[in-house]
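Only one structure is covered here, and it is reproduced in the block below.
Owing to the predicted nature of the structure, the values given are computational and were not obtained by experimental measurement.
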Amino acid sequence: MKRIQVTTRMDEAVLKMVDGNVGATTVVGQIMKKLPQDWIIQLAFLDDQEIYGPDIWICYKNVCDYDLDKFIDENKHNKLKGLLAEYKKQK
């Protein structure tokens with residue numbers, strides 16, 4: 001179920017997406033620095049794929065090998081959910 005709605009404040013959106021996970025907070029912070037005008041769109045893409053908290057960190061660390069550009073690109077093309085499922089299946 002989506003966590004971000006049109007009426008959700010930006011600070012609330014971040015809190016809902018990172019779900020208290022420090023790694024996810026780090027990734028979202030990096031996205032905010034890299035895309036100061038479009039970071040909320042990246043959160044919406046993650047929300048569409050139902051990727052939250054620790055799964056954000058797993059995608060960044062294990063699926064995208066700490067490559068923020070790759071993470072953003074895969075997220076933008078709605079590929080992270082499938083890549084995450086594939087990664088988890090291997091574990």
_Just so I know, are the side chains of Ile56 and Phe71 near enough to count as touching, which here means a heavy-atom distance under 4.5 Å?_
yes
_Quick check on salt bridge (charged side-chain N to carboxylate O under 4.0 Å, His left out): which of Lys61, Lys81, Lys88 does Asp55 satisfy it with?_
Lys88
*What is the distance from atom CD1 of Ile4 to atom CD1 of Ile40, rounded to the nearest 0.5 Å?*
5.0 Å
*Within the side chain of Asn21, is there an N or O that forms a donor-acceptor pair under 3.5 Å with the backbone of Ala24?*
yes
_Asp73 vs Lys79, test: salt bridge (charged side-chain N to carboxylate O under 4.0 Å, His left out). Steps then yes/no._
CA-CA 9 Å; Asp73 190 58; Lys79 293 181 180 178; over 6 Å; no
*asked:* A side-chain contact here means heavy atoms from C-beta on lying under 4.5 Å apart; do Leu46 and Asn75 qualify?
replied: yes
*Are side-chain heavy atoms of Leu80 and Phe45 found at a separation under 4.5 Å?*
no
_Side-chain donor-acceptor pair present, Tyr52, Asp47, cut-off under 3.5 Å_ = yes
*asked:* Given 3.5 Å as the limit, does a donor-acceptor pair link the side chain of Asp65 with the main chain of Asp67, or not?
replied: no
*How many angstroms lie between CD1 in Ile72 and NE2 in His77, if you round to the nearest 0.5 Å?*
12.5 Å
*Out of curiosity, Leu43 CG to Asp48 CG, how far, rounded to the nearest 0.5 Å?*
11.0 Å
*Are side-chain heavy atoms of Gln42 and Lys76 found at a separation under 4.5 Å?*
yes
_Sidechain-backbone polar pair: Glu74 side chain, Cys64 backbone, donor-acceptor under 3.5 Å_ = no
*Spell out, as yes or no, whether a donor-acceptor pair under 3.5 Å connects the side chain of Arg3 to the backbone of Met17.*
no
*Can you measure from CD1 (Ile51) to CG (Asn78) and round to the nearest 0.5 angstrom?*
8.5 Å
